[in-house]
Amino acid sequence: MNIGQVSERAGLPAKTIRYYEDIGLVTPHRSANGYRAFSEQDLHKLAFLARARALGFTIEDCRTLLGLYEDEARESADVKALASEHLHRIEEKIAQLRQMQDTLARLVEACHGDNRPDCPILNDLASEG
């Protein structure tokens with residue numbers, strides 16, 4: 001398959017596929033004229049990476065997950081530990097976003113939104129703490 005075909009089938013932009021090649025996540029065969037020739041295995045790896053990235057895993061996490069996937073002697077405990085760490089980061093981010101939402105909702109509620117210049121939103125943004 002050429003890069004256009006694998007891009008369509010894996011659901012990834014060609015630019016992303018080229019990047020994954022540049023950083024060594026996939027290594028398609030190169031023909032004599034330099035064109036990439038992707039195998040079904042390359043396609044499978046790219047689809048795997050697309051799914052992992054959609055779940056928010058970092059590139060380095062994806063590299064580790066791909067290595068674990070390809071290692072038939074892997075221990076599922078290693079995979080679970082990596083996924084658990086990622087889940088913890090997501091939960092922390094959700095908590096931060098909820099705190100941001102609560103603060104912003106409180107500020108929006110406190111702002112009169114009228115012709116007066118007084119604005120609790122701007123006052124809060126200008127505060128040092």
Side-chain angles (χ1 to χ4, degrees):
M1 284 174 276
N2 65 31
I3 196 164
Q5 294 165 320
V6 80
S7 170
E8 185 176 320
R9 290 184 61 193
L12 289 170
K15 184 176 182 177
T16 300
I17 294 170
R18 286 187 203 97
Y19 173 68
Y20 288 169
E21 180 184 10
D22 288 344
I23 63 172
L25 288 175
V26 292
T27 51
H29 175 74
R30 291 279 187 158
S31 61
N33 61 5
Y35 288 114
R36 294 169 184 88
F38 292 90
S39 66
E40 286 293 324
Q41 183 180 9
D42 293 325
L43 172 61
H44 184 72
K45 281 183 184 181
L46 289 166
F48 180 97
L49 291 167
R51 179 74 175 129
R53 292 293 287 153
L55 289 172
F57 284 100
T58 67
I59 291 293
E60 285 311 308
D61 286 345
C62 288
R63 187 181 306 279
T64 302
L65 286 167
L66 195 54
L68 288 166
Y69 178 75
E70 293 173 336
D71 179 5
E72 293 182 9
R74 70 181 170 266
E75 295 182 10
S76 64
D78 294 336
V79 181
K80 184 175 182 173
L82 182 66
S84 294
E85 288 173 24
H86 182 56
L87 180 59
H88 180 70
R89 288 191 303 266
I90 290 172
E91 289 167 344
E92 286 178 342
K93 185 67 172 177
I94 289 170
Q96 291 169 355
L97 289 170
R98 284 195 176 123
Q99 186 177 28
M100 289 169 48
Q101 179 185 29
D102 292 345
T103 299
L104 192 54
R106 181 180 44 78
L107 291 171
V108 166
E109 182 66 30
C111 182
H112 294 286
D114 56 18
N115 297 359
R116 297 180 299 175
D118 183 50
C119 180
I121 299 167
L122 294 177
N123 293 341
D124 186 80
L125 293 174
S127 71
E128 292 186 26

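All residue numbers refer to positions in the sequence shown, counting from 1.
Within a 6.0 Å sphere centred on CG of N115, heavy atoms belonging to other residues, nucleotides or ligands number 12 at most. The local environment of CD in E75 is sparse, with at most 12 non-hydrogen atoms from other residues, nucleotides or ligands closer than 6.0 Å. Remark: R30 CZ is packed, more than 12 non-hydrogen atoms of other residues, nucleotides or ligands lying under 6.0 Å away. No more than 12 heavy atoms of other residues, nucleotides or ligands lie within 6.0 Å of CD in Q41, so this atom counts as exposed by the packing criterion.
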Steps toward side chain to side chain contact (heavy atoms under 4.5 Å, CB included) verdict (R36, E21): CA-CA 10 Å; R36 294 169 184 88; E21 180 184 10; 2.4 Å; yes
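Side-chain contact between E109 and R106 is absent, with no heavy atoms from C-beta onward closer than 4.5 Å. In this structure, L46 and F38 have side chains that are in contact, with non-hydrogen atoms separated by less than 4.5 Å. In this structure, the side chains of V79 and Y69 stay at 4.5 Å or more apart for every pair of heavy atoms. Looking at R63 and T58, their side chains never come closer than 4.5 Å, going by heavy atoms from C-beta outward. Between R9 and M1 there is a side-chain heavy-atom pair separated by less than 4.5 Å. Using a 4.5 Å heavy-atom threshold, the side chains of D118 and N123 count as touching. Taking the side chain as every heavy atom from C-beta outward, L12 and Y20 approach each other to under 4.5 Å.
Q5 places a side-chain N or O within 3.5 Å of a backbone atom of N2 that can act as its donor or acceptor partner. The backbone N or O of D61 lies less than 3.5 Å from no partner atom in the side chain of H86, so there is not a single donor-acceptor pair. Under the 3.5 Å distance criterion, the side-chain polar atoms of R53 are matched with a main-chain donor or acceptor of F57. Between the side chain of R74 and the main chain of D71, a donor-acceptor pair closer than 3.5 Å is present.
A donor and an acceptor atom, one from each side chain of D42 and S39, are located under 3.5 Å apart.
Connection of L125 to V108 is established within a shared hydrophobic cluster, with ILVMFWY side chains joined at heavy-atom distances below 4.5 Å, either directly or through further cluster members. L104 and L97 are not part of a single hydrophobic cluster, where members link through side-chain heavy atoms under 4.5 Å apart. A single hydrophobic cluster is not seen to contain both Y35 and L43; linkage of ILVMFWY side chains at heavy-atom distances under 4.5 Å, directly or through other members, places them apart. No continuous path of hydrophobic side-chain contacts links I90 to L55 [ILVMFWY only; heavy atoms under 4.5 Å].
Of the charged side-chain nitrogens involved, none lies within less than 4.0 Å of a carboxylate oxygen, so that E40 and K45 do not count as a salt-bridged pair.
Heavy atoms only, all atoms of each residue included: A47 and A10 are closest at N-CB, 4.2 Å. Closest heavy-atom contact between P28 and A37: CB-O, 3.8 Å. Counting all heavy atoms, side chain and backbone alike, P120 lies closest to L107 at O-CD2, 3.7 Å. Closest approach of L49 and C62 over heavy atoms only: CD2-CB, 3.7 Å. Between A14 and S7, the closest heavy-atom pair is N-OG, 3.6 Å.
In this structure, OG1 in T103 is found 7.5 Å from CG in D124, a value given to the nearest 0.5 Å. Between H44 atom NE2 and L66 atom CG the span is 9.0 Å, to the nearest 0.5 Å.
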